[in-house]
Chemist: 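Sharing a structure with you now.
Numbers restart at 1 for each chain; the letters A, B, ... are given by sequence-line order, proteins then strands. The figures that follow rest on heavy atoms only: side chains count, while hydrogens, waters and symmetry mates do not. The structure presented is a predicted model; accordingly, all values stated were derived computationally and were not measured.
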Amino acid sequence: MTASLRLAAAYDCGVAVTDPVSRLAAALTEIAGAPVVLERPGDADHGDYATNVALKLAPTQGRPPRDIAADLAAEALRRELVEAAEPAGPGFLNLHMSDTWLVAALGEILGVGESFGAGTAADPERIQVEMVSANPTGPLTVATARNAAYGDSIARLLSFAGHDVEREYYYNDAGTQMERFYASVEALRRGEEPPDDGYRGEYIAELASLPGDPVPPMLSRIEETLERFRIHFDTWVLQSDVESEIPEAIALLDTYEHDDAVWARTSAHGDDKDRVLIRSDGTPGYFAADAAYIRRKYAKGFDRLVYVLGADHHGYVGRLQALAEMLGHSRNSLEVLIYQLVHLVEAGEARKMSKRRGDVAFLDDLLDTIGVDAARWYLVSRSHDQTIELDVDLAKQRTQKNPVYYVQYAHARIAGILRKAAEEGIAVDLDAPGCALAREERDLVKRLLEFPVLAAEASERRIPHAIPTYAIRVADDFHRFYHQHRVLDSENQKFRLALCLATQQLVARCLDLIGVEAPEQM
RNA sequence: GCGCCCGUAGCUCAGUGGACAGAGCGGCGGACUUCUAAUCCGCGGGUCGGAGGUUCGAAUCCUCCCGGGCGCACCA
């Protein structure tokens with residue numbers, strides 16, 4: 001791999017990271033007088049860590065980068081921060097760490113245990129993450145599953161970073177879509193076909209066969225699916241509930257009347273154009289409910305409101321932030337996370353999804369065929385900026401090839417070792433190794449040490465897909481180590497057992513952050 | 001027309017200024033008497049869509065162009 005893994009970005013992204021690598025970076029920063037970012041070089045000859053700080057400083061200091069690097073190296077050695085340091089290439093500074101340092105670092109990881117990498121938020125906030133929020137006109141689809149997988153992982157990451165997070169589901173129980181939904185169910189109950197613009201599908205027939213309002217059973221089916229998908233919502237909010245608060249909200253906004261309608265002057269707050277609050281027929285539009293809803297969210301005391309929306313809603317960003325601003329909050333405290341859409345492919349052809357036609361891939365069906373772990377992994381392992389093409393047929397075959405099993409297998413393998421160690425009465429108790437650490441051991445420790453900064457960055461930048469990418473690297477390093485070295489009955493048994501335990505905890509943590517299980521055996 | 005996202009290996013995708021651009025899948029060839037072979041090792045594979053620009057240094061930043069997706073309501 002190439003050099004570009006950032007290991008210590010604590011100085012420019014507002015997080016408080018205190019792991020061994022970040023402390024090394026901090027010490028070097030003090031010497032250099034400028035932020036030092038450490039990377040892991042791709043080439044083993046380039047040391048354990050490297051920094052380009054001398055290249056950055058060269059223009060302002062008016063000295064050759066290699067000279068600056070040499071001075072830094074000398075001072076770092078004098079302070080015994082590193083085992084060896086030398087300038088290289090155009091002005092990089094390559095650092096070599098001792099086994100002692102790595103063993104101490106591993107000890108530190110085990111010392112903090114489950115919370116390794118946690119609590120990096122410099123300024124913990126109360127954050128509400130609103131996600132999914134599909135209207136209860138039908139079961140959740142594969143398309144909304146991405147919203148759920150992405151949003152929930154964001155929530156888990158924020159929470160891990162130390163924020164106080166609440167998950168909310170907002171849905172509409174009135175409006176055109178719901179009227180069509182009701183009309184469809186009622187038509188079936190009368191023994192008629194659903195209207196042309198109504199909803200079809202088996203689930204409509206099922207709802208029609210039940211007595212009473214079809215919405216509650218529909219909602220509980222949605223909630224069941226979400227729980228199965230390992231997502232729990234703290235609060236469920238009906239649009240009709242917030243509608244009563246529309247007048248109070250509008251009173252706080254910058255409004256005017258035009259063509260018998262009431263408008264919000266959102267264009268004065270960064271939006272493309274003004275938006276209608278009250279239609280000319282006197283009824284409030286959807287945007288008025290949004291205003292009331294946002295006001296209520298802030299009134300509940302949240303510092304930050306996160307919306308998770310599909311790319312088809314990206315036009316909403318400006319108007320929602322305008323509302324936040326008009327209601328007296330920073331526009332940036334209302335954050336809209338946009339993910340690109342999921343396109344279903346079947347037999348090589350695009351499959352159009354329409355709930356009304358009943359031509360949909362439901363999340364439950366996907367979970368039946370590929371399982372929760374593979375589904376969550378798959379949906380969150382791509383960048384949210386990337387459109388996903390999901391081939392439903394292929395997804396079934398692909399399960400065994402999904403990298404999620406590669407990562408889970410690493411966890412299960414370690415569990416096997418630890419089980420056997422426990423059977424033999426061997427306690428995990430880190431001790432200095434009896435001989436020099438092997439390359440695979442050093443690589444694995446360094447990999448584990450990447451986690452705090454990586455998790456902080458994933459959280460700060462809202463990029464949960466960085467977690468599975470990293471987890472594959474961890475599993476990679478572990479499988480290589482495992483293949484090359486015996487743990488039990490080896491010269492370095494104590495060190496290796498400790499290394500295994502730390503790796504297992506970290507793999508489990510990564511999987512948990514994306515809602516995937518860590519199996520004890522496979 | 002305007003706005004947002006994307007274009008990296010045959011396929012699916014990592015990589016938001018640094019050293020020869022990476023992984024998985026697929027292809028070919030090797031490795032189980034061991035704590036799990038759902039693993040490991042090797043080989044092949046690239047005009048980073050194109051052209052300019054900024055920089056000591058660009059897949060990464062800027063401009064333009066080409067291609068694809070999604071939006072631009074007194075709908076929700």
Chemist: Using atom CD of A/Q340 as one end and atom C1' of B/C6 as the other, report the distance to the nearest whole Å.
Modeler: 7 Å
Chemist: When you compare B/U60 with B/C6, how far apart are their P atoms, in angstrom units rounded to a whole number?
Modeler: 13 Å
Chemist: Looking only at the side chain of A/A50 (C-beta and beyond, no hydrogens), which of the listed nucleotides B/A19, B/U34, B/C74 gets closest?
Modeler: B/A19
Chemist: Rounded to whole angstrom, note down the P distance from B/G68 over to B/A58.
Modeler: 30 Å
Chemist: Is there ring stacking between A/H314 and B/G71, where the centres must be under 5.5 angstrom apart and the planes under 30 degrees?
Modeler: no
Chemist: To the nearest Å, give me how far apart CZ (A/F478) and P (B/A37) are.
Modeler: 10 Å
Chemist: With rounding to whole Å, what would you report as the distance between B/G24 and B/C20 at their P atoms?
Modeler: 23 Å
Chemist: Please determine, for the side chain of A/A311, which listed nucleotide (B/C70, B/U39, B/C74) has the closest atom?
Modeler: B/C70
Chemist: Using 4.0 Å as the upper bound for N to carboxylate O, is an ion pair formed by A/D443 and A/R447?
Modeler: no
Chemist: Are A/E325 and A/R331 within salt-bridge range, i.e. N to O under 4.0 Å?
Modeler: yes
Chemist: Rounded to whole angstroms, how far apart are CG on A/L379 and P on B/C13?
Modeler: 12 Å
Chemist: Provide, to the nearest angstrom, the distance between the CZ atom belonging to A/R319 and the C1' atom belonging to B/C75.
Modeler: 11 Å
Chemist: Compare the aromatic ring of A/F92 with the six-membered base ring of B/A19 and state whether they stack according to the 5.5 Å and 30° rule.
Modeler: yes
Chemist: Does this structure show an ion pair linking A/R473 with A/D477, if we count only N-O contacts that are shorter than 4.0 Å?
Modeler: no
Chemist: Who does B/G22 pair with, Watson-Crick or G-U, both distances under 3.5 Å?
Modeler: B/C13
Chemist: Answer with base, sugar-phosphate or nothing: what part of the nucleic acid does A/H384 contact at a heavy-atom distance below 4.0 Å?
Modeler: nothing
Chemist: Between B/C75 and A/T176, counting only base atoms on the nucleotide and side-chain atoms on the residue, is there a donor-acceptor pair under 3.5 Å?
Modeler: no
Chemist: Need one value for A/L488: base, sugar-phosphate or nothing, where a base atom within 4.0 Å counts as base even if backbone is also close, heavy atoms only.
Modeler: base
Chemist: Assess whether side chain to side chain donor-acceptor pair (under 3.5 Å) is satisfied between A/S280 and A/D260, documenting all intermediate values.
Modeler: CA-CA 5 Å; A/S280 50; A/D260 297 327; 6.0 Å; no
Chemist: Taking atom C1' in both B/G15 and B/G3, what distance in whole Å separates the two?
Modeler: 27 Å
Chemist: My understanding is that a pair needs two contacts under 3.5 Å, Watson-Crick or G-U wobble. By that rule, which nucleotide pairs with B/G67?
Modeler: B/C6
Chemist: Should B/G27 form a Watson-Crick or G-U wobble pair with both distances under 3.5 Å, which nucleotide is its partner?
Modeler: B/C43
Chemist: Regarding A/K297 and the six-membered ring of A/Y307, is the cationic atom NZ or CZ under 6.0 Å from the ring centre and inside 45° of its axis?
Modeler: yes
Chemist: Report which part of the nucleic acid A/Y482 touches: base, sugar-phosphate, or nothing (heavy-atom distance under 4.0 Å, all strands).
Modeler: base
Chemist: Paired with B/U60: which nucleotide, if any, by Watson-Crick or G-U wobble criteria at under 3.5 Å for both distances?
Modeler: none
Chemist: Base of B/A19, side chain of A/N94 - is there a donor-acceptor contact under 3.5 Å?
Modeler: yes
